[in-house]
There are 2 protein chains.
Amino acid sequence: MSTPVYRTHRVTMEDVARHAGVSKASVSRFIGEGRGLLTEAIAERIENAIGALGYRPNQMARALKRGRTRLLGMLVADIRNPYSIAVMHGVETACRQHGYSLVVSNTDRDPEQERRQLAALRSYNVEGLIVNTLGQHVEQLRQLQHELPIVLVDRKVEGLGSDLVGLANAHAVGQALDHLAERGYRDLVLVSEPILGTSSRRERAQAFEQWLAGHANIRGQLMETGADLGHRLGAWHAAAMGPGAVFCANGLAALAATLALRELGVRLFDDIGLVALDDLQWYPLVGTGITALAQPTQAIGEQAFQCLLQRLQGERCPPRDLSLEAQLIIRGSTPDRT
Amino acid sequence: MSTPVYRTHRVTMEDVARHAGVSKASVSRFIGEGRGLLTEAIAERIENAIGALGYRPNQMARALKRGRTRLLGMLVADIRNPYSIAVMHGVETACRQHGYSLVVSNTDRDPEQERRQLAALRSYNVEGLIVNTLGQHVEQLRQLQHELPIVLVDRKVEGLGSDLVGLANAHAVGQALDHLAERGYRDLVLVSEPILGTSSRRERAQAFEQWLAGHANIRGQLMETGADLGHRLGAWHAAAMGPGAVFCANGLAALAATLALRELGVRLFDDIGLVALDDLQWYPLVGTGITALAQPTQAIGEQAFQCLLQRLQGERCPPRDLSLEAQLIIRGSTPDRT
DNA sequence: AGGTTTGCTGAAACCGTTTTCAGTCGCCGC
DNA sequence: GCGGCGACTGAAAACGGTTTCAGCAAACCT
């Protein structure tokens, strides 16, 4: 099979017009709004010409003239984080249903990439932006916001004043901790990725502290993932007062914590309980299954899209803060210790 | 904080030109190739004007004239498949490094969506296309191929004659089965998602059959995922001759099989061995860890991008078939039974 | 000095659409 | 029989860039 040669000249509106013996204007009307204006005879000629030539309008040119690209941008800090993927799936589905396409940019957590990718998305005239990153470059974001609507996902950016879609973190943390308390756990660790600068992590940590403040009989501490997580967990476990449990603030923390615990040689879930925020497909497979708080990721993605859509349609309301609720899914990792 | 009002008029090249007291042409040269042509004095004036006005060129307009959008499209059958994500990450990284942006479309395995998303990507004048789908609509793909380079990932499409990047399936299957044989397993099951229509699955199944044909002392059968996978696995296990093992043809099959085995009540890995193609983060966590064949997904993504890039730069060679090799990672799920 | 070359610059055309605006035509009422 | 009115249609001007081409100095030859 031979290498194809790329056709240089795509068939254009002018070609169709010529072939049908009408003006470009009529063709434009045919493929756009003004179809009702056209005579039956002309419409038919155009239709045939389009069919014969295989014409497809060029969105770029169309966008240039109309100022509507029907393109949305999504900036993601870590495309390999299952949470991001799940949200992205929600966004993408909603986009598809409304005739938008999605340009995805991954920053790999690099602030410099964040800056460049934002500039790139802007230069493609995306109509709106979904942002799930560190939110360095607040100034850049603020400028961008003068040109197009932005909605943040999961992570707040201070002083930006745009819509936010995320989890009701305090409530979710409460659900998890109440569950642990009820099952008789008395010494807790919150394992989180580095908290600094990520609003959702901070909120979860704060909710953890506050909940502890209201439960004098239960001890708790905070632990960030990192090199010697195993050691630290070991030390904690050795000194635990009463049944202990680990609460993982997200999927990656759950992975790290579970690996660490396993290397520690504890009997998972018999010696130490575990709850994870985010519900990943493999949770049922680890030991007797990991109890989880499922985030409504699909809904989060859809809501984010809806926010954008409403802003694009001219809705002028103060910045919203949509917090969705998590669902507790009880599995074997939190056996009753009472 | 009040709702921002979107600025209607973005600053344009004409604005810069006026502000600097030069022509559009000079500004164009400044931001493009012809910078060397400009006098120091003029360049400086333009630079200042750009800075003062915060000008950013409009890629759409630029693309319209030059015919280069610097946009690549990627069509994915299932965006939630970890394999797809991993490849996509590789592609995205390569794109970023070369100044391209990526438009991602997910078909959710729906042929109709496949058709529409292809049309959409085309209409945005993506310069090239990375396709990882069922490949219905061969005709549409073939037409598209006259306009832009296409590279297939993982899944062949018959009669298309475009580059393909994927796994050396036969070799990978061989590695897995040799490993199992060596460890003393004598009755094997290949668990795969429905094979029909997906070339990589077919190849893996064929390699399985062939390998069996060459190993008379080992029995084997093929099983597709589906409603009663548990039952079927149970029946197989009950009638197994010698130590049995399950070989999962991809990540989703591994998930399904492991869940099924667990519900069957067998002692995982003591009663039945397990090897999975694809290496997922959570494999170490299941029981004593799942032995896996890791696909070089990052490399696959990068190679796919490179293929496209070379074609875009005018390289004319017959369709390539890049098969990368998998790496066997031995964990606890394949204990020695000899 | 006069004719050439060289080196920058700007005017204008163009990319493929949409949209405005000025026709053209048939048909109505008077 | 003619002005007026709708209903369609097409020419042309955008949109925001790039690129061609001509112009015009200054510098370079004899």
Side-chain angles (χ1 to χ4, degrees), chain A residues 7-47 49-50 53-71 120 122-127 147, chain B residues 7-47 49-50 53-71 120 122-127 147:
Chain A
R7 206 191 297 154
T8 60
H9 181 66
R10 275 180 51 163
V11 33
T12 173
M13 183 177 252
E14 181 123 35
D15 300 333
V16 176
R18 199 172 17 244
H19 189 275
V22 301
S23 70
K24 287 194 302 176
S26 293
V27 179
S28 174
R29 290 193 259 262
F30 181 84
I31 64 173
E33 310 291 284
R35 194 167 192 154
L37 295 175
L38 299 179
T39 299
E40 189 56 39
I42 291 235
E44 194 174 337
R45 295 226 306 274
I46 296 178
E47 185 153 27
I50 288 182
L53 270 46
Y55 168 70
R56 295 276 132 195
N58 179 336
Q59 285 290 353
M60 290 288 177
R62 178 177 268 200
L64 179 58
K65 183 62 185 161
R66 292 215 291 203
R68 299 197 52 192
T69 54
R70 296 226 164 245
L71 231 38
R122 183 188 125 129
S123 77
Y124 283 114
N125 289 15
V126 297
E127 292 182 32
E147 304 182 356
Chain B
R7 206 191 297 155
T8 59
H9 181 65
R10 276 181 50 165
V11 33
T12 172
M13 181 178 261
E14 183 123 33
D15 300 334
V16 176
R18 198 168 21 241
H19 189 274
V22 300
S23 70
K24 284 197 305 176
S26 293
V27 180
S28 174
R29 290 194 259 262
F30 181 84
I31 64 174
E33 310 292 283
R35 194 167 193 154
L37 296 175
L38 299 180
T39 298
E40 190 57 39
I42 291 236
E44 194 175 338
R45 295 225 306 274
I46 296 179
E47 185 153 28
I50 288 182
L53 271 45
Y55 168 70
R56 294 277 131 194
N58 179 337
Q59 285 290 354
M60 292 287 179
R62 176 177 273 202
L64 180 57
K65 180 64 181 162
R66 292 216 289 202
R68 299 197 52 191
T69 54
R70 296 225 162 248
L71 231 37
R122 183 187 125 129
S123 77
Y124 283 113
N125 288 17
V126 296
E127 292 182 33
E147 304 183 356

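All heavy atoms count here, side chains included; hydrogens, waters and symmetry mates do not. Numbered from 1 within each chain, the chains take letters A, B, ... in sequence-line order.
Not one side-chain nitrogen or oxygen of B:T39 sits closer than 4.0 Å to the OP1 or OP2 atom of C:dG7. For C:dT17, one of the phosphate oxygens OP1 or OP2 lies less than 4.0 angstrom from a side-chain nitrogen or oxygen of A:Y55. Regarding contacts with the backbone of D:dG17, a side-chain N or O of B:T12 is found under 4.0 angstrom from either OP1 or OP2. Contact annotation: A:S26 side-chain N/O to D:dC8 OP1/OP2 distance is not under 4.0 Å.
Distance B:F30 CZ to C:dG10 C1': 18 Å, rounded to the nearest Å. Across the protein-nucleic acid pair, A:M13 atom CE and C:dC14 atom C1' stand 17 Å apart, rounded to whole Å. In this structure, CZ of A:R29 is placed 11 Å from P of C:dT18, rounded to the nearest angstrom. Remark: P of D:dC15 and NZ of A:K65 are 6 Å apart, rounded to the nearest angstrom. Here C:dT18 presents its C1' atom at 13 Å from CG of A:N58, a figure rounded to the nearest Å. In this structure, B:R56 atom CZ and D:dG16 atom P are separated by 17 Å, rounded to whole Å. Atom pair B:L37:CG and C:dT6:P shows a separation of 15 Å (rounding to whole Å applied). A:D15 places its CG atom 13 Å from the C1' atom of C:dT17, with the value rounded to the nearest Å.
Atom CZ of A:R56 has 12 or fewer heavy atoms from other residues, nucleotides or ligands within 6.0 Å.
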Show the numbers, then the answer: is there a side chain to side chain contact (heavy atoms under 4.5 Å, CB included) between A:V22 and A:V27? CA-CA 8 Å; A:V22 301; A:V27 179; 3.9 Å; yes
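Of all nucleotides listed (D:dA11, C:dG16, C:dG10), D:dA11 comes nearest to the side chain of A:S23. Closest to the side chain of B:A25, from the set D:dT19, C:dG16, D:dG17, is D:dT19.
Residues B:Y124 and A:T69 approach most closely at OH-O, 3.0 Å, considering heavy atoms.
Remark: side-chain polar atoms of A:R29 are not paired, donor with acceptor, to backbone N or O of A:L38 under 3.5 angstrom.
Using a 4.0 Å heavy-atom distance criterion, A:V27 is classed as making no nucleic acid contact. Contacts of B:S28 with the nucleic acid, taken as non-hydrogen atoms under 4.0 Å apart, include base atoms.
Where B:L38 and B:R66 meet DNA chain C, the nucleotide closest to each residue was compared, and B:L38 sits on the side nearer the 5' end.
Annotation: side chain of A:V11 is not in contact with side chain of A:H19 (no heavy-atom distance under 4.5 Å).
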